[in-house]
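Following: one structure in structure tokens, then a few remarks.
Residue numbers start from 1 in every chain, and the chains themselves are labelled A, B, ... in the order their sequence lines are given, proteins ahead of strands.
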2 protein chains.
Amino acid sequence: MTTLSEENYLKAIYHIGKQGNIAVSTNSIAEKMRTKASSATDMIKKLAEKKLVDYKRYQGVTLTEKGRLIAAIVVRKHRLWEVFLVEKLNFSWDEVHDVAEQLEHIKSEKLTNELDALLGFPTEDPHGDPIPDKEGYIKETEKILLSQINIGEQCICVGVKDSSTEYLKYLDKNKVALGTSLAVISKEPFDNSMRIAIESEQLVISNVVANNLFVKRD
Amino acid sequence: MTTLSEENYLKAIYHIGKQGNIAVSTNSIAEKMRTKASSATDMIKKLAEKKLVDYKRYQGVTLTEKGRLIAAIVVRKHRLWEVFLVEKLNFSWDEVHDVAEQLEHIKSEKLTNELDALLGFPTEDPHGDPIPDKEGYIKETEKILLSQINIGEQCICVGVKDSSTEYLKYLDKNKVALGTSLAVISKEPFDNSMRIAIESEQLVISNVVANNLFVKRD
DNA sequence: TATTATTTTTAGATTAGTCTAAATTTTATT
DNA sequence: AATAAAATTTAGACTAATCTAAAAATAATA
């Protein structure tokens, strides 16, 4: 059995290492977990002991298959709960994260699978992030950043890179949601800001905004 | 903020002391929590420090208003989640307890209240136990044990006193659920077993069974 | 009421997870 | 390659929650 803390570390490693394939440094784990490197080292040793990560001193860690699966299932639960909160309990996409952080640790396979069924087996969460299946596998949909779209091209919003409350509220305010059609009207070479069309409105957005919105060409 | 452990102790005190009115002994708390009396004493001191219980050495504890409310809200969440699991996720009444024990600690007022609304503001959980309202108040419905029903009388099943998996499975097997109509046909003075009619079937039940089923006269 | 039994508390130890500060290893730079 | 900088680990300490064993208080009984 994994503790809450172990699950959170595994999840951090999973996210930093792109689903757990890449070696991850102690410092990056500590940073993501908002703890000290020494705490991260302690936990890494514990996870290595349990064969959930591969670890050689000073060389960082990678998830084992066992560790990857645990992390992926936590992510699966997190994203399913997010869908539940939005679809069934009237949460907005900027309100779901903190609650899902708690719900993702509930241990019950039946609960997870029934929830999945209740929601109609969704493949993405309210931010456009993919939901791992029961075996912890993800079907990655190709998506690019809005900043990569050329002048004159059409695209559809399919996800966010930054899912902070502030950013999501900004998008809400400007009527950008998953599925919204966008078109790039012009770009400003000086600061890489761009003028875009949202449905029939026009809006000038900074490069920071354009760099955090995933779209697909239409 | 209360920790998971604090919440569980408060809930234990709440349940032992009938919604927290009655003074509760250290040993009874330890027993319910499946820990040692010394551990219970330690936690009692912590709860007293936080003004969640009134405590005088060797005299047991009672919940303060603050403590009572926290405990009642945990119970409210537990029972709402039980309804959710049964109504929305196809759990049976003997499967819900362990998962609800986890879900009851999720902290989000919005979650609790939206869940309440999704379920249509239920007043009882799947075992017939009352669900406290937002202020932690319960409307107690009068209910008596099946063993108190006289020969020839009709009644309706409104709850269980023992909600163990074994007992609930026994009831399922014998087609007894909340709302089921029962009639007492005869009683055996020797062992207090009784013959009852369930819908059109007949069944002999032991005194143990009759002492754990809540009914109301019909 | 004196003595015994029971309940409760205290003292001291243990584990998980965290921290600071110092030591060590790796990486970068002269 | 030698040295400086950065990253990582170790050592030792702290807190929350638990435990065992012993001491103290209360309750029960002779």
Exceeds 12 heavy-atom contacts within 6.0 angstrom, atom CD of B:Glu101: yes

task: Report yes if at least one side-chain N or O of B:Ser5 is closer than 4.0 Å to OP1 or OP2 of D:dA16; otherwise report no.
output: no

- prompt: How would you list, by chain and number, every residue that makes a salt bridge (Lys or Arg N to Asp or Glu O under 4.0 Å) with A:Glu188, sequence neighbours excluded?
  reply: none

message: Using whole Å, what does the distance between atom P of nucleotide C:dT10 and atom CD1 of B:Ile44 come to?
response: 11 Å

- prompt: Contact class for B:Ser39 (heavy atom, under 4.0 Å): base, sugar-phosphate, or nothing?
  reply: base

query: For C:dT9, does either OP1 or OP2 sit under 4.0 Å from a side-chain N or O belonging to B:Tyr55?
result: yes

query: Reckon B:Ser38 touches a base, only the sugar-phosphate, or nothing at all at heavy-atom distances under 4.0 Å?
result: base

For residues 72-80 of chain B, run the donor-acceptor check on the side chains, cut-off 3.5 Å, and write out each pair with its distance to 0.1 Å, sequence neighbours left out.
residue	atom	partner	partner atom	Å
B:Arg76	NH1	B:Pro132	O	3.1
B:Arg76	NH2	B:Asn113	OD1	3.2
B:Arg76	NH2	B:Asp116	OD2	3.1
B:Lys77	NZ	B:Glu104	O	3.3
B:Lys77	NZ	B:Ile106	O	2.9
B:His78	ND1	B:Glu104	OE1	2.8
B:His78	NE2	B:Glu82	OE2	2.9
B:Arg79	NH1	B:Pro130	O	2.7

message: Going by the rule side-chain hydrogen bond (donor to acceptor under 3.5 Å, both in side chains), which residues pair with A:Lys110 if we only count those two or more places apart in sequence or in a different chain?
response: B:Glu95

- request: Please round to the nearest 0.5 Å and tell me the distance separating atom CD of A:Gln19 and atom CG of A:Leu63.
  value: 10.5 Å

message: How many whole angstroms separate atom NZ of B:Lys56 from atom P of C:dT8?
response: 16 Å

Return the polar atom pairs (N/O with N/O) between nucleotides 23-29 of chain D and the protein under 3.5 Å, or none.
residue	atom	partner	partner atom	Å
D:dA25	O4'	B:Tyr58	OH	3.3

message: Below the 4.0 Å mark, does D:dT9 have OP1 or OP2 next to a side-chain nitrogen or oxygen of A:Lys45?
response: no

field: Gap between atoms CG and C1', on B:Asp42 and D:dT20 respectively (whole Å)
entry: 13 Å

field: Enclosure of A:Glu140 CD (heavy-atom neighbours >12, cutoff 6.0 Å)
entry: yes

field: Listed partners of B:Asn207 passing side-chain hydrogen bond (donor to acceptor under 3.5 Å, both in side chains), at least two apart
entry: B:Asn211

- request: Specify the residues of residues 23-37 of chain A, ordered by number, for which at least one heavy atom lies under 4.0 angstrom from an atom of DNA chain D.
  value: A:Ser25, A:Thr26, A:Asn27, A:Ala37

query: Between B:Phe84 and B:Trp81, how do the two ring planes meet: parallel, tilted or perpendicular, split at 30° and 60°?
result: perpendicular

message: Counting C-beta onward and ignoring hydrogens, is there a side-chain heavy-atom pair between B:Val215 and B:Ile144 closer than 4.5 Å?
response: yes

statement: A:Met43 CE to C:dT15 C1', in whole Å, measures 13 Å

